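Atom set for the values below is all heavy atoms of this structure, side chains included, hydrogens, waters and symmetry mates excluded. Keep in mind that what you see is a predicted model, and the values were worked out from it rather than measured. So that the names make sense, note that chain A is the first sequence line, chain B the second, and so on, each numbered from 1.
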Amino acid sequence: MAELKDLTKRAENYSQWYNDLVVKADLAEQSAVRGCMVIKPYGYAIWEKMQQQLDKMFKATGAQNAYFPLLIPKSFLSREAEHVEGFAKECAVVTHYRLKTNDTHDGVVVDPEAKLEEELIVRPTSETIIWNTYKNWIQSWRDLPLMCNQWCNVMRWEMRTRPFLRTSEFLWQEGHTAHATREEAEQEAQQMLKVYADFAENYMAVPVVQGVKSETERFAGALDTYTIEAMMQDGKALQSGTSHFLGQNFAKAFDVKFLNKENKEEYVWATSWGVSTRLIGALIMTHSDDNGLVLPPALAPIQVVIVPIAGKPEQKQKVDEAIIPVISKLQSDGYSVKYDDADNKRPGFKFADYELKGVPVRLVIGARDLENGTIEVMRRDTLEKETRPIEGIAEYVETLLADIQKNMLVKAKAWRDAKIHECDNYEEFKEKIKEGGFFLCHWDGTAETEAKIKEETQATIRCVPFGYEQTPGTDMVSGKPSKARVIIARSY
RNA sequence: CGGGGUGUAGUUCAGUCCGGUAGAAUACCUGGUUUGGGACCAGGGGGUCGUAGGUUCGAAUCCUGUCGCCCCGACCA
C-alpha cells in the first residue's frame with residue numbers, strides 16, 4: 001500500500017485522496033461523458049447490497065416498486081412554481097428525435113426535420129411525471145395512501161462533479177407517496193427519515209444527525225425537508241438522504257383530488273424521499289484509512305477472503321482439505337466468502353489488494369498452520385491479526401463480523417462526536433470551522449444571518465437537529481433571540 | 001462561468017527554460033525460479049508527444065489558435 005500512502009501525503013486535499021481511492025479500489029472511473037461516472041463491478045456490488053436492504057425496509061412500510069419514464073415533457077416542469085426555480089437551470093434537454101448521415105457520409109448530424117414540438121427533459125427527479133400519473137390513479141379515499149418507489153437514474157447538469165458525491169447522472173431511489181391527511185403525510189416523511197437513519201447506522205455503520213432543513217436549504221416545492229447528515233473524515237458534512245413533506249403543492253399543480261368519506265373533494269397530501277449512490281461516497285469517506293476502503297460486513301460484497309499459502313501442489317491439497325469445510329459452513333450460514341487460490345499473485349499482493357477493497361475479514365492458512373492446527377485471522381477495521389485454532393473458526397468469524405459491524409459504528413460515532421461542539425461566539429466559530437466539524441449554534445431564524453455565515457465562512461445550516469435538548473438563547477451573529485440551536489458545517 | 005494547474009506508452013510521470021535518434025517506473029506478453037506483507041532473473045511488445053497552423057535544415061521543446069481534463073469557488077443528493 002505504499003503507493004496510496006504516498007498519494008495521501010502528496011495529496012493537496014482530501015478530495016484528491018478520495019478520488020484516488022475510488023479509482024484504486026476499483027469502484028468507479030470517469031466516463032467519456034462530462035461529469036458522468038462508470039461504476040465498476042466491485043462498486044456496483046456495494047450498491048446492489050444497499051438496494052437489497054433498502055428495498056426490504058421500504059416494503060415493510062407498505063411501499064411498492066414501480067417505474068416511470070426517463071423523459072419528462074418540458075411543460076410538466078413548469079407546473080409547480082418553486083420546483084421550476086429549483087430545477088430549471090440544470091437539466092439536459094432533448095430537442096430532436098432523429099439523426100441523419102452528413103453530406104460527406106462519414107458521420108451523423110441532427111436531422112433538422114426531426115425537431116420535437118415540445119422538448120423533453122431528462123428527469124432531474126420524477127415528481128412531475130409521477131404526479132401527472134397519480135392524477136389518474138386517485139379518485140377515492142380508498143385509493144389512499146398510494147406509496148410508490150422507483151429505482152432509476154436521474155441527470156442534473158452539475159457545474160462541478162466528483163465521483164459518487166456529485167455526478168451528472170446518478171442512480172437512486174425515489175419514493176413518492178400520496179395521503180388523505182396532512183398528519184399522515186407528515187408522519188410518512190418522518191418515518192422514511194427514520195428508515196434512512198436506521199440504514200445508515202445499522203448497515204453502513206455511518207452515524208447521522210437527523211433534522212429538518214432551514215427554508216433556504218429546503219427541496220424545491222417542499223414544505224419541510226428532513227435530512228440525515230453524516231460527517232466525513234475531514235469534518236465536512238454530507239447530506240446522505242432526504243425525505244420531503246410536500247404538502248398539497250404537487251397535488252394542486254397536477255390536480256390530484258379525491259373524494260373523502262364525507263363525499264367532499266380534497267387535494268391529497270404528498271411526500272417524496274430518496275437516497276442515491278452518494279451513500280457509497282459516504283461509506284468511503286467515513287471509514288477508509290490509508291490502506292484503502294473499510295467496508296461494514298453488512299454491505300461488503302466479499303465478507304471473508306481466504307488466502308492459502310501453498311507452493312507445492314501436495315501442500316495446496318492439504319490446505320484445501322482443511323479449509324473447504326470452513327468455507328462450506330460460512331456459505332451455508334449466508335456469508336459471502338472468497339477463496340483466492342489463484343497462483344498468479346503472491347500472498348503479499350493479495351493481502352494488500354483485499355485491504356484496499358475493504359474486505360472485513362481475512363483468513364490465511366499455510367503449512368505452518370497445518371502443522372499447528374491453526375489459522376490466521378485479520379480484521380480490516382483495526383488491522384489486528386491473531387492466530388487461532390482452526391477448530392470452530394467459522395463460528396468465530398461469524399461473531400467477529402458482527403463485532404466489526406458494531407465496532408465500526410462505535411468508532412465512527414466517537415470520532416464524530418468529538419467534532420461536534422456548541423458555539424456561542426462568532427469569532428471563535430470562524431476560527432474553529434476551518435478545522436471542520438459540526439457546530440451547534442443559536443440561530444435567529446432569518447435568511448440574512450444564514451447568508452452572512454455562508455458568505456464569510458462557506459459554512460451552511462445543515463439542519464435543526466432532532467433529539468437535542470433545546471433551550472432558548474441568542475444568535476451568535478445578529479445578537480437577536482433564538483429559539484433553538486442548529487447544526488452549522490461546511491459541506492459537500 | 002471566474003482563479004490556478006495540466007495534456008508525452010494501458011497507468012503515474014520525467015524530458016520543454018537552453019530545438020538535434022522518444023525516456024523511466026509500473027502494468028502487459030514469453031520462459032524459468034519463487035510464494036507467511038505488493039517476488040526475482042532473462043527476453044519482448046507498446047507512444048504520428050491533445051489538436052490545427054506557423055517559425056526552422058530540423059519542433060514534445062519556440063510562437064499563435066483551439067480542444068480536453070484536474071483542483072479551488074459559485075450550484076447541488
Side-chain angles (χ1 to χ4, degrees), chain A residues 1-7 10-20 23-24 29-35 85-91 124-125 154-174 196 213 216-220 225 227-230 237-244 272-282 291-292 307-312 315-316 319 341-356 362-372 374-376 378 383 385 387 454-455 458 460 490-492:
Chain A
M1 265 329 300
E3 210 183 347
L4 191 64
K5 271 181 186 152
D6 286 350
L7 282 169
R10 239 194 303 144
E12 284 170 19
N13 56 47
Y14 190 65
S15 297
Q16 187 68 54
W17 171 82
Y18 169 80
N19 289 347
D20 288 335
V23 173
K24 287 186 185 303
E29 64 187 30
Q30 203 185 14
S31 118
V33 183
R34 177 206 162 275
E85 276 299 302
F87 281 101
K89 297 161 206 155
E90 48 178 24
C91 292
T125 177
V154 290
M155 175 162 272
R156 299 176 187 180
W157 213 261
E158 300 289 352
M159 296 170 191
R160 180 150 169 246
T161 58
R162 310 168 195 270
F164 290 115
L165 298 183
R166 182 172 303 103
T167 43
S168 293
E169 181 189 11
F170 58 95
L171 303 181
W172 77 348
Q173 60 65 218
E174 47 179 329
Y196 289 151
K213 286 282 186 192
T216 40
E217 296 278 328
R218 202 179 275 162
F219 175 74
T225 288
T227 175
I228 50 172
E229 298 283 330
L238 184 73
Q239 183 174 323
S240 305
T242 48
S243 178
H244 313 289
S272 69
W273 28 273
V275 292
S276 69
T277 36
R278 175 179 264 197
L279 290 180
I280 297 174
N291 287 9
V307 179
I309 295 173
K312 312 234 163 16
Q315 214 172 50
K316 170 66 169 48
V319 168
D341 60 354
D343 59 5
N344 58 356
K345 292 274 184 278
R346 302 177 88 247
F349 181 91
K350 293 179 187 173
F351 297 165
D353 195 47
Y354 289 111
E355 273 163 36
L356 181 60
R362 183 186 73 215
L363 300 178
V364 179
I365 182 163
R368 207 162 70 196
D369 297 294
L370 290 176
E371 271 172 39
N372 304 330
T374 57
I375 191 162
E376 186 188 272
M378 194 217 63
L383 292 169
K385 278 193 275 199
T387 301
K454 188 173 181 182
E455 161 111 30
Q458 289 100 50
T460 50
R490 287 183 179 161
S491 76
Y492 278 100

Can you tell me, in whole Å, how much space there is between the [atom1] of [N] and that of [M]?
N	M	atom1	value
B/G4	B/U12	P	25 Å
B/G58	B/A42	C1'	38 Å
B/C70	B/U11	C1'	16 Å
B/G46	B/A9	C1'	6 Å
B/A27	B/G73	C1'	37 Å
B/C71	B/C28	P	27 Å
B/U48	B/G23	P	14 Å
B/A22	B/U26	P	24 Å

Check whether any side-chain heavy atom of [X] lies under 4.5 Å from a side-chain heavy atom of [Y], and answer yes or no.
X	Y	answer
A/Arg368	A/Ile309	no
A/Gln173	A/Trp273	yes
A/Met378	A/Phe351	no
A/Glu174	A/Val154	yes

Pairing nucleotide - [N], Watson-Crick or G-U, each distance under 3.5 Å:
N	value
B/G36	none
B/U16	none
B/C49	none
B/C28	B/G44
B/U6	B/G68
B/G73	B/C1
B/G58	none

>> Below 30° counts as parallel, above 60° as perpendicular, anything between as tilted: where do the rings of A/Phe219 and A/His244 land?
In response: parallel
Given [options], the nucleotide with the shortest approach to the side chain of [X]:
X	options	result
A/Met159	B/U35, B/G37, B/C75	B/C75
A/Arg362	B/G36, B/C70, B/G37	B/G37
A/Gln458	B/G37, B/C28, B/A74	B/A74
A/Lys385	B/G36, B/C70, B/G37	B/G37
A/Glu355	B/G36, B/G37, B/C28	B/G37

Assign [X] to base, sugar-phosphate, or nothing according to its heavy-atom contacts below 4.0 angstrom with the strands shown.
X	result
A/Lys454	sugar-phosphate
A/Ala367	base
A/Thr167	base
A/Leu165	base
A/Ser276	base
A/Phe219	nothing
A/Asp353	base
A/Gln30	sugar-phosphate

> So, A/Asp20 side chain and A/Trp17 main chain: donor-acceptor pair closer than 3.5 Å or not?
Replying inline: no
>> So does A/Thr227 get a backbone contact from the side chain of A/Tyr196, meaning a donor-acceptor N/O pair under 3.5 Å?
In response: no
In whole angstrom, what separates [X]'s [atom1] from [N]'s [atom2]?
X	N	atom1	atom2	result
A/Glu158	B/G73	CD	P	15 Å
A/Ile375	B/G36	CD1	P	17 Å
A/Arg490	B/A74	CZ	P	10 Å
A/Asn344	B/U30	CG	P	11 Å
A/Leu363	B/G36	CG	C1'	14 Å
A/Arg346	B/C41	CZ	P	12 Å
A/Lys24	B/U12	NZ	P	9 Å
A/Asn19	B/U12	CG	P	13 Å

>> Looking at every heavy atom in both A/Gly281 and A/Leu165, which two are closest together, and how far apart are they?
In response: CA-CD2, 3.8 Å
